[in-house]
Amino acid sequence: RLILGVLAAVYATNFPLGALMNDVLPASAATSARMLVASLALSPFVFQLKPELRIPAVLCGVFTCTGYITQSLSLVDTDPARVSFLGSLTVLWCPFLEAIIDKKPMSIKEAPQTW
């Protein structure tokens with residue numbers, strides 16, 4: 001529980017720190033700095049991936065990078081609390097869409113990994 005609490009606190013600083021970075025740097029430079037640090041930290045593990053996972057991993061990285069770019073751009077003219085709230089709605093929206101579109105049961109008993 002302690003680790004979960006620490007992780008939640010660290011994640012909660014994501015949006016205010018992103019807004020502070022955008023005050024000092026342009027949104028493109030702030031996002032580039034974040035992606036550079038992430039790529040340096042994760043680059044030693046790229047060659048340890050199974051070859052069939054490399055392209056899906058890069059694709060996942062592209063989508064994650066797109067999310068960071070849109071977050072950084074939204075923090076230019078929107079307060080961090082609102083951006084954080086809208087971003088956290090995906091936690092509710094994605095399971096809702098899966099239940100409606102895929103007709104999958106989403107209770108805690110049938111899909112505990114979701115909850």
Point-to-point distance, once rounded to the nearest 0.5 Å, from [atom1] of [X] to [atom2] of [Y]:
X: S74; Y: D79; atom1: OG; atom2: CG; value: 10.0 Å
X: I55; Y: C60; atom1: CD1; atom2: SG; value: 14.0 Å
X: T64; Y: L59; atom1: OG1; atom2: CG; value: 9.5 Å

Minimum-distance pair of heavy atoms, taken over all atoms of [X] and [Y]:
X: L75; Y: P80; value: CD2-CA, 3.8 Å
X: L73; Y: D77; value: O-OD1, 4.2 Å
X: R34; Y: Y68; value: NH2-CE2, 3.2 Å

Tell me which donor-acceptor pairs under 3.5 Å the side chains of residues 35-44 have, and how far apart each pair is, sequence neighbours excluded?
unit_1: S39; atom_1: OG; unit_2: M35; atom_2: O; d: 3.1
unit_1: S39; atom_1: OG; unit_2: L36; atom_2: O; d: 2.9
unit_1: S43; atom_1: OG; unit_2: S39; atom_2: O; d: 3.3
unit_1: S43; atom_1: OG; unit_2: L40; atom_2: O; d: 3.2

Quiz item: Is the number of heavy atoms from other residues, nucleotides or ligands under 6.0 Å of I3 CD1 greater than 12?
Solution: no
Self-check item: Whether over 12 other heavy atoms sit under 6.0 Å from R82 CZ
Solution: no
Exercise. For the residue pair F96 and I100, establish whether any side-chain heavy-atom pair is separated by less than 4.5 Å.
Key: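 Touching, per the 4.5 Å side-chain cut-off.
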Practice problem: Check whether any side-chain heavy atom of L86 lies under 4.5 Å from a side-chain heavy atom of V83, and answer yes or no. | Solution: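 L86 vs V83: side chains apart.
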